[in-house]
> 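Take a look at this one; I'll ask things after.
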Amino acid sequence: MLRVNPFIPSFSMLNRIPFSLLYRSSFRRTLRPFVTCRCNLFAKPVSVSTVNANFFAVDKTRNLSAVATAKKSGLNASNSSTNEMSNKERKKAKKESPEFLFKVKLDKCSKHGKLEEALCLYDESISDGVSLTQHHYNMLLYLCAREASGDGGQLNELKELGLKRGFEIFQKMVGDKVSPNEATFTSMARLAVAREDPDMAFELVKQMKGLGILPRLRSYGPALLGFCEKGNAEKAYEVDAHMLESGVMTEEPELLALLKVSIKTKNTGKVYEMLHRLRATVRQVSESTLQVVEDWFKSEDAANLGSEKLDVKQIKEAVVGGGGGWHGLGWFGSGRWRVVRTTMTKNGVCHSCGEKLVCIDIDPKETENFAAKLAELACSKEARADFVRFQEWLQQHGPFDAVIDGANVSLINSENFNLNQLKKVVNQLQQTSPSKRYPLVILHQSRVARDPNNRTWLEKWKKAGVLYATPYGSNDDWYWLYAAVSCKCLVVTNDEMRDHLFQLLGNSFFPRWKEKHQVRLSMTRTGLVLNMPPPYSIVIQESESGCWHVPSIADDDLSNPRQWLCACRSKKKP
């Protein structure tokens with residue numbers, strides 16, 4: 001007797017695809033991975049020839065007209081009935097509808113990862129004839145994919161349940177003519193990889209564009225990680241190339257997976273490429289990535305790489321052309337690598353090999369573009385007139401050598417607003433400033449207005465044009481950050497700049513700018529101490545001699561030195 005896979009939906013789902021999608025060849029191609037064999041869980045199997053005959057025999061015009069007529073008549077009937085209801089009655093009716101109640105319960109299941117409870121609700125809703133929406137289906141598919149992928153940390157029985165019911169629910173979604181979106185495809189890609197079929201996951205994401213759906217990093221993740229786990233490097237590189245073509249940037253987990261599969265398959269050129277991509281996009285790596293890099297440099301494969309023939313002039317030109325800190329010309333030297341965990345001096349000299357790290361320049365054009373983006377975002381989040389007024393004020397009174405986040409500095413190690421603390425920092429910056437000018441202090445209007453004891457100082461700063469009080473209802477973060485960027489100067493704050501506001505700025509230029517411009521404060525027995533930006537860039541660096549220095553991710557703890565991985569060729573004995 002022929003055994004069938006219960007996890008693959010039947011080809012009969014194609015008979016229930018919405019007309020708007022059925023005639024699009026890209027959508028038909030999308031479903032091919034799901035119809036490789038029949039399923040005994042659902043509708044009676046339909047042969048490929050029968051489906052094709054039914055598909056091409058459809059009168060498109062007649063059926064589309066019928067659908068449009070049905071929608072129009074339904075809309076008119078709905079309008080006539082809702083006009084007789086008040087807004088309050090309509091809201092109440094909506095909240096009491098089976099669809100809304102199902103959504104509320106399903107959202108709770110999704111929040112707490114309760115797949116079995118969600119499936120029971122789903123089965124009850126189907127029995128009661130509840131009309132399911134895209135949101136309903138996506139929540140169910142998400143839970144199924146979560147358990148099937150092992151993210152829920154549950155028993156194998158629950159993983160198998162998620163895999164089995166996930167494909168079943170997707171087939172029902174297609175049958176109900178509910179259009180999929182990016183979340184749908186992502187969940188199905190995860191289910192495909194859980195079934196150890198990354199090819200199906202990749203086929204799904206490749207077809208999203210044809211349906212007008214833009215894939216995201218999470219859409220590609222299942223296929224990429226699935227191929228890497230199987231050791232299929234070539235397919236993993238194909239997914240990676242497709243991501244780059246789609247404008248989707250890889251992050252550390254994806255680059256780590258590509259690095260590991262490149263090491264495993266002894267593709268040393270790709271190992272070199274992935275290290276440089278980590279340098280360009282991640283900069284500082286997690287402990288898991290650092291361990292993989294360390295193991296690589298200690299390996300025999302790494303020891304056997306490299307060339308003794310060095311073109312010094314070519315190397316220097318490559319370093320200058322790249323902005324400093326790397327050359328990208330390949331592995332240099334010969335012999336085993338000396339690999340150690342180490343730290344840097346204040347001036348960026350490696351305690352292990354003695355090489356000095358460089359400070360990588362920031363393109364002035366990038367800074368100008370960043371300032372323009374900041375202003376655009378601030379005007380969209382703040383009262384536009386208020387922020388434009390600040391820009392005009394800054395042009396009149398600037399530029400400054402430093403900007404102070406007044407509230408942050410005044411509250412360091414203090415429960416109450418401490419203006420004396422702020423005054424000391426202002427004076428220190430004024431004394432160390434090349435122009436001997438006072439820094440710009442940004443304070444919220446509420447702080448300025450309710451501090452009569454220090455009004456003399458505040459009025460003095462205000463008259464000198466070095467204090468700006470941000471208006472009520474504003475977020476002063478926009479103001480001090482924009483001032484520092486536009487003046488190309490230092491910013492004094494212990495704010496880690498990781499909240500939602502700073503996430504809007506992206507993760508490419510902003511970390512580089514912050515590294516070179518943020519002054520942090522630490523409390524000592526003698527008072528607050530200014531910790532200036534390091535004179536070197538905290539980023540993976542490849543020296544002219546072929547040495548590598550890889551920084552680990554570290555919290556903003558000034559008392560705990562950052563760990564670096566130093567990998568240099570062992571020097572030959574004379």
Side-chain angles (χ1 to χ4, degrees), residues 214 216-217 244 246-249 251 279-283 321-325 359-408 429 433-435 437 439-445 465-493 495-520 533 537-539:
L214 294 177
R216 295 164 58 181
L217 178 59
L244 294 175
S246 302
V248 177
M249 297 299 295
E251 295 181 358
R279 173 193 59 79
T281 60
V282 179
R283 295 175 63 79
C359 184
I360 301 171
D361 294 334
I362 293 178
D363 187 345
K365 187 64 177 177
E366 284 187 285
T367 304
E368 292 175 11
N369 293 337
F370 186 51
K373 181 181 179 181
L374 261 176
E376 181 182 349
L377 281 170
C379 287
S380 67
K381 302 295 181 181
E382 299 284 305
R384 184 179 183 85
D386 290 338
F387 197 78
V388 169
R389 191 178 299 114
F390 170 66
Q391 288 179 292
E392 294 172 350
W393 182 94
L394 192 61
Q395 287 181 350
Q396 180 183 353
H397 294 85
F400 295 89
D401 294 330
V403 177
I404 299 178
D405 176 5
N408 182 273
L429 286 169
S433 168
S435 64
R437 187 181 181 190
L440 170 61
V441 178
I442 301 292
L443 271 178
H444 198 275
Q445 181 65 46
V466 296
L467 171 65
Y468 191 88
T470 58
Y472 289 102
S474 65
N475 185 339
D476 55 358
D477 290 353
W478 289 113
Y479 292 78
W480 57 256
L481 181 58
Y482 175 78
V485 174
S486 60
C487 291
K488 300 179 178 63
C489 67
L490 300 173
V491 59
V492 184
T493 181
D495 191 323
E496 294 183 355
M497 295 185 249
R498 293 176 182 167
D499 61 19
H500 175 68
L501 181 154
F502 300 106
Q503 293 301 317
L504 295 173
L505 304 174
N507 58 1
S508 176
F509 177 82
F510 186 48
R512 289 185 284 140
W513 179 88
K514 186 172 68 168
E515 176 188 284
K516 294 176 70 70
H517 292 84
Q518 184 177 7
V519 178
R520 292 182 174 87
S537 296
I538 305 174
V539 61

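The first residue in the sequence is number 1, and the count goes up from there. Atom set for the values below is all heavy atoms of this structure, side chains included, hydrogens, waters and symmetry mates excluded.
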> Say you draw a straight line from NZ of Lys514 to CD of Glu496; how long is it, rounded to the nearest 0.5 Å?
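These two atoms lie 7.5 Å from each other.
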> Show the nearest heavy-atom pair for residues Gly323 and Ile360, with the distance to one decimal.
O-CG2, 3.4 Å
> Arg437 side chain to Pro399 main-chain N or O, any donor-acceptor pair under 3.5 Å?
yes
> Starting from the C-alpha separation in whole Å, work towards a yes-or-no answer on side chain to side chain contact (heavy atoms under 4.5 Å, CB included) for Glu366 and Asn369.
CA-CA 5 Å; Glu366 284 187 285; Asn369 293 337; 5.6 Å; no
> Take Phe510 and Leu374, measure what side chain to side chain contact (heavy atoms under 4.5 Å, CB included) needs, and give me the verdict at the end.
CA-CA 11 Å; Phe510 186 48; Leu374 261 176; over 6 Å; no
> For residues Ala483 and Cys489, report the shortest heavy-atom separation together with the two atoms involved.
O-SG, 4.4 Å
> With rounding to the nearest 0.5 angstrom, report the CG to CE distance, Leu244 to Met249.
7.0 Å
> Quick one, Val403 and Pro439 - any side-chain contact, counting heavy atoms below 4.5 Å?
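No, their side chains stay 4.5 Å or more apart.
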> Kindly indicate, with the supporting measurements, whether the criterion side chain to side chain contact (heavy atoms under 4.5 Å, CB included) is fulfilled by Asn408 and Trp480.
CA-CA 11 Å; Asn408 182 273; Trp480 57 256; over 6 Å; no
> Thr470 and Asp476: side-chain donor and acceptor closer than 3.5 Å?
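Their side chains do not contain a donor-acceptor pair, so the 3.5 Å distance test is not met.
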> So which heavy atom on Cys379 is nearest to which on Val388, and how close?
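Looks like SG-CG2, 4.4 Å.
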> Would you find a donor on one side and an acceptor on the other, under 3.5 Å apart, between the side chain of Thr493 and the backbone of Asp495?
yes
> Drop me the distance from Leu429's CG to Phe400's CZ, to the nearest 0.5 angstrom.
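These two atoms lie 13.0 Å from each other.
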> So which atom in Ser474 and which in Glu382 form the shortest heavy-atom distance, rounded to 0.1 Å?
CB-OE1, 2.9 Å
> Is there side-chain contact between Leu377 and Tyr482, with at least one heavy-atom pair below 4.5 Å?
no
> Has Ser433 got a side-chain atom pairing as donor or acceptor with Asp401's backbone, closer than 3.5 angstrom?
no
> So how far is it from Arg283 CZ to Ser537 OG, rounded to the nearest 0.5 Å?
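Spacing of CZ (Arg283) from OG (Ser537) equals 6.0 Å.
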> If you measure from CZ on Phe370 to NZ on Lys365, what distance do you get to the nearest 0.5 Å?
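These two atoms lie 15.5 Å from each other.
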> Assess whether atom NZ of Lys381 is packed by more than 12 heavy atoms of other residues, nucleotides or ligands within 6.0 Å.
no
> Are the aromatic rings of Phe387 and Trp478 close, with centres under 6.0 Å apart?
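Not close enough - the centres of the two rings lie 6.0 Å or further apart.
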> Give me the atom names and distance for the closest heavy-atom approach of Pro471 to His444.
O-NE2, 3.2 Å
> Looking only at heavy atoms, what is the nearest atom pair of Leu440 and Tyr468, with distance?
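That would be CD1-N, 4.3 Å.
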> Could you tell me whether the side chain of Val485 reaches within less than 4.5 Å of the side chain of Phe509, counting heavy atoms only?
no
> Just verifying a value: how many Å separate Gln391 CD and Asp386 CG, rounded to the nearest 0.5 Å?
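Here the interatomic distance stands at 11.5 Å.
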